[in-house]
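Residue numbers start from 1 in every chain, and the chains themselves are labelled A, B, ... in the order their sequence lines are given, proteins ahead of strands. For clarity, every value in this text was computed on a predicted model and none was experimentally measured.
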Amino acid sequence: MPELPEVETVRRDVWGRYGGQTLHDVTVTGRRTVRRHAPGLLSGLAGQRLASTGRHGKYLLLAWEDGRVLVVHLRMSGQLLAAAPGGRRPAHTHAVLGFGGGAGELRFVDPRTFGEMFLAGRAGRADGPASEPGLAELSHLGPDALVVDAAHFGAVLAGRRAPLKSLLVDQRAVAGMGNIYADEVCFDAGLRPDRPAGSLAPAELERLARSTHSVLEGAIAGRGSSLRDQQYRDLYGNLGRYQLEHKVYGRSGMPCPSCGQAVQRVEMGARRAFWCPTCQR
DNA sequence: ACAAATACCTGTAAGC
DNA sequence: TGCTTACAGGTATTTG
């Protein structure tokens, strides 16, 4: 499932192929994909050059010359796929951005239709991750996980009795982590996912911030995680390889890579968490 | 104010 | 073989 590392991988791919290219036409066939506004609104982007790309948490931002930003969220099953124009489009293709200059088309494919695209105003300037264009639609998000620090964790976790993991996947607290990376970050930081969020000592908050950065950066280097359903693909349809480096996520009963103890699975409400009972406290 | 539950979806896999 | 059921999970919304 696309979380921060997967979205960042796709962002870099998109910039590499479509950066500076002119958008010629937009085709929207999935109404639910553009549910925040009328489907025809995206056609107004035709003629614009892709000026920069950005990302905040799991939101991908495509900024155009005139300052408008196309916001893309892949949610569960969304994919952005590059293709030559004219080929047969895969099932569940809900929107297609047609570029000139031989760049071909950019397809939004999403079987479960949880994903969405919408047009927002006003772009940031720099091309890069975690740009802060100040979009009203994204104002509910906490700081991007790549730049969060211990002080911020301290502030948002203070006084909370909810499990640490629940806060790590809460995009209002910190933006970018989901089920996979919250578990991996907790393991790397040596913290139980079911620790009451407000119980972390200063040194633990420091470890949490450090592990958040290192785990997510490692996952970006590995081009993201493709799970057994192979739902996550990069722009060119290739699988990620960071799933090979997961220490605890989905590894219930298998030995912890650090100590050899069996990885445990704990139910936390409707969701679950994987963790090592000896390495995490 | 916070925490937990639920709705939204469909492809896949497990069970019968 | 074919049917039914459970499960996956990010976010918005509702309920407690």
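In terms of position along DNA chain B, the nucleotide closest to A/Arg160 lies nearer the 5' end than the nucleotide closest to the other residue of the pair A/Arg160 and A/Pro111. Summary of the strand contacts: A/Gln231 and A/Ser166 both lie near DNA chain B, and taking for each the nucleotide with the nearest heavy atom, the more 5' one is attributed to A/Ser166. Of the two residues near DNA chain C, A/Glu137 and A/Arg272, the one whose nearest nucleotide lies more 5' is A/Arg272.
Side chain of A/Asp183 to backbone of A/Ala273: no donor-acceptor contact under 3.5 angstrom is found.
Rounded to an integer number of Å, the gap from A/Asp194 CG to B/dA3 P is 15 Å. For A/Arg31 and B/dC9, the CZ to P distance is 13 Å, given to the nearest whole Å. Whole-Å rounding puts the A/Leu168 CG to B/dA3 P distance at 13 Å. Look at CZ on A/Phe118: it is 12 Å from P on C/dT11, rounded to the nearest Å. Atom CZ in A/Phe114 sits about 11 Å away from atom C1' in C/dA12, given to the nearest Å. Atom CZ in A/Arg75 sits about 12 Å away from atom C1' in B/dA7, given to the nearest Å. Put simply, CG on A/Leu227 is 13 Å from P on B/dA13, counting in whole angstrom units. In this entry the distance linking NE2 of A/His56 with P of C/dT11 reads 11 Å, nearest Å.
Under 4.0 Å is where a charged nitrogen must lie from a carboxylate oxygen, and between A/Glu204 and A/Arg195 at least one such pair does.
Within 3.5 Å, no donor on the side chain of A/Arg112 pairs with an acceptor on the base of C/dG10, nor the reverse.
Among the protein residues, A/Tyr181 comes within range of no part of the nucleic acid, since none of its heavy atoms lies under 4.0 Å from any strand. Residue-level contact check: A/Arg271 touches the bases, meaning some heavy atom is under 4.0 Å from a base atom.
Residue A/Arg55 forms a side-chain contact (heavy atoms from CB on, under 4.5 Å) with just one option from A/Leu146, A/Val10, A/Leu61, and that option is A/Leu146.
A donor-acceptor pair shorter than 3.5 Å can be found between the side chains of A/Ser77 and A/Asp110.
Listed nucleotides: C/dT11, C/dG10, C/dA8. Nearest to the side chain of A/Glu3: C/dG10. Distance from the side chain of A/Met76 is smallest for C/dG9 among the nucleotides B/dC9, C/dT11, C/dG9. Of the listed nucleotides (B/dG11, B/dA3, C/dT11), B/dG11 has the atom at the smallest distance from the side chain of A/His92. You'll find that the side chain of A/Ala162 is closest to B/dA4, out of C/dG9, B/dC9, B/dA4.
In this structure, A/His140 does not reach the C/dT11 phosphate: none of its side-chain N or O atoms is under 4.0 Å from OP1 or OP2. Between C/dG10 and A/His73, no contact under 4.0 Å exists linking OP1 or OP2 to a side-chain N or O.
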>> I'd like to know whether A/Glu6 forms a salt bridge (charged side-chain N to carboxylate O under 4.0 Å, His left out) with A/Lys58, so could you lay out the CA-CA distance, the side-chain angles of the two residues, the decisive distance to 0.1 Å, and finally the verdict.
In response: CA-CA 8 Å; A/Glu6 291 76 28; A/Lys58 303 170 193 172; over 6 Å; no
